[in-house]
Amino acid sequence: MKITLSVIKADIGGFVGHSTTHPEVVNKVKEVAEAGKEKGIILDTSVITCGDDIAIVMTHTHGIDAEPVHKLAWDAFIAGTEVAKKLKLYGAGQDILSDAFSGNVKGMGPGVAEMEFEERKSEPVIVFFADKTAPSAWNLPLYEMFADPMNTAGLVIDPSMHDGFTFEVMDVYSGKAIRLKTPAELYDLLVFIGATSRYVVRAVYRNSDGEIGAAASTQKLSLMAGRYVGKDDPVLIVRAQSGFPAVGEVLEPFGRPWLVEGWMRGSHTGPLMPVSFKEAKPTRFDGPPRVIAAGYQICEGKLIGPNDLFDDPAFDYARERATQLANFLRRQGIFEPHRLPPEEMEYTTLPKVLEKLKDRFKDIGEPKAKAPGSGEGEIHE
Ligand code: F6R
Ligand code: MG
Ligand code: MG
């Protein structure tokens, strides 16, 4: 059976501040999603949360970008927003950037990751969901899962993976994408995906037969709204086993934390901490960024799960290490590189402060240089 797995997520209100979600809001979203299942729009649904974000996981047969499915998620988030407003939750309706639905939630605020595939004899999938970070947080782990034999032994050992995988990489500013084949074009791939402020991995395909292995949300909220409206807390779907990385190979990159952008005011570098569902409530300096892993077996379109995959003491080291890194970075306060560089601060509330002071900069006879990455020295002009 050909099925589509769609994960559509939004932050529609925080409890308390931007920390977590409120059960009444989550229940409302579930209720609407379940009603969509009763009506036959979708085959099954599972609602998960990470920090102040809610994701609706859905299986159906409408293909990707399907209007009835996107509309169902939109209606669920609108209904949830009403509850959030009633409770005066913080940032109620934060990711709902439009007043009316028009065919697809893309560009309207919510983040989307979707893939269509023929359901295998057994279909294990993992939905990763992160809070207080951005879609580029998946670049490093996707590289390790699908292109690094030091992480994924199957790339060497399993003949069905030995031809490698192709990465689709998107430039978030131009909206254009490039497909690069690994291992042959690995170094070209890394030129781009190592530049996390600009390039994000959108999907991964198996070279031997073109099967999709991973799909990520790539929406950059601030670029849509033109102002800071919260980070684009991302979701990622990964298929596992039998010709794809094993579940343990998919999870292994999270065994050691690395630094991602996000955290307080979306303006800081911080470690991504893998946590169980119940620990996905970032509070320290509004963080540090969290990631959960929800495992499902798909059976005739039904979602069997979720299994809370980071609820394993083997990830305690990563959590401990992330806490140490958080301490170390916090020592640096408002100073870079804990705070993000100016190009990244452009979409935060900082430009308003700069605007107020820009006329105070006076020419002192020094030569003008270009501001990094911008082409001109616009900040002080
Ligand atoms: C980060 C985040 C929070 C807020 C911070 C300030 O993604 O959501 O760190 O940026 O709590 O929030 P406001 O400006 O809403 O008071
Ligand atoms: Mg929020
Ligand atoms: Mg969030």
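All residue numbers in this chain count up from 1 along the given sequence. Whatever order the structure lists them in is the order used to number ligands and atoms, beginning at 1.
- Taking the Mg ion (ligand 3) as reference, Asp131 places its N/O/S atom OD1 nearest.
- Only side-chain heavy atoms of Tyr90 come within less than 4.0 Å of ligand 1; its backbone N, CA, C and O stay farther off.
- Counting heavy atoms of neighbouring residues, nucleotides and ligands inside a 6.0 Å radius, atom NZ of Lys37 exceeds 12 of them.
- When the heavy atoms of His268, Arg265, His18 are ranked by distance to atom 14 (O) of ligand 1, first place goes to Arg265.
- Take the N/O/S atoms of Asp233: the one nearest the Mg ion (ligand 3) is OD2.
- Taking the side chain as every heavy atom from C-beta outward, Ser122 and Gln241 never approach each other to under 4.5 Å.
- For the pair Arg256 and Glu144, the salt-bridge criterion is met [side-chain N within less than 4.0 Å of a carboxylate O].
- Salt bridge present: Glu211 and Arg239 bring a charged side-chain N and a carboxylate O closer than 4.0 Å.
- A salt bridge between Arg202 and Glu168 is present, with a side-chain N of the basic residue lying under 4.0 Å from a carboxylate O of the acidic one.
- At a threshold of 4.0 Å, the pair Asp65-Lys106 counts as salt-bridged, since one of the basic side-chain nitrogens sits closer than that to a carboxylate oxygen.
- Note: Tyr90 and His18 have perpendicular aromatic rings, judged against thresholds of 30 and 60 degrees for the angle between ring planes.
- Ligand 1 lies less than 4.0 angstrom from a heavy atom belonging to Gly266.
- Taking the N/O/S atoms of Asp53 in turn, the shortest distance to the Mg ion (ligand 3) belongs to OD1.
- Close approach of ligand 1 to Asp286 is summarised as follows: ligand atoms under 4.0 Å from at least one heavy atom of the residue are 3 (C), 4 (C), 5 (C), 9 (O), 11 (O).
- For a distance bound of 2.8 Å, the N, O or S atoms of Asp52 include one lying that close to the Mg ion (ligand 2).
- With a heavy-atom cut-off of 4.0 Å, Met264 touches ligand 1 through backbone and side chain alike.
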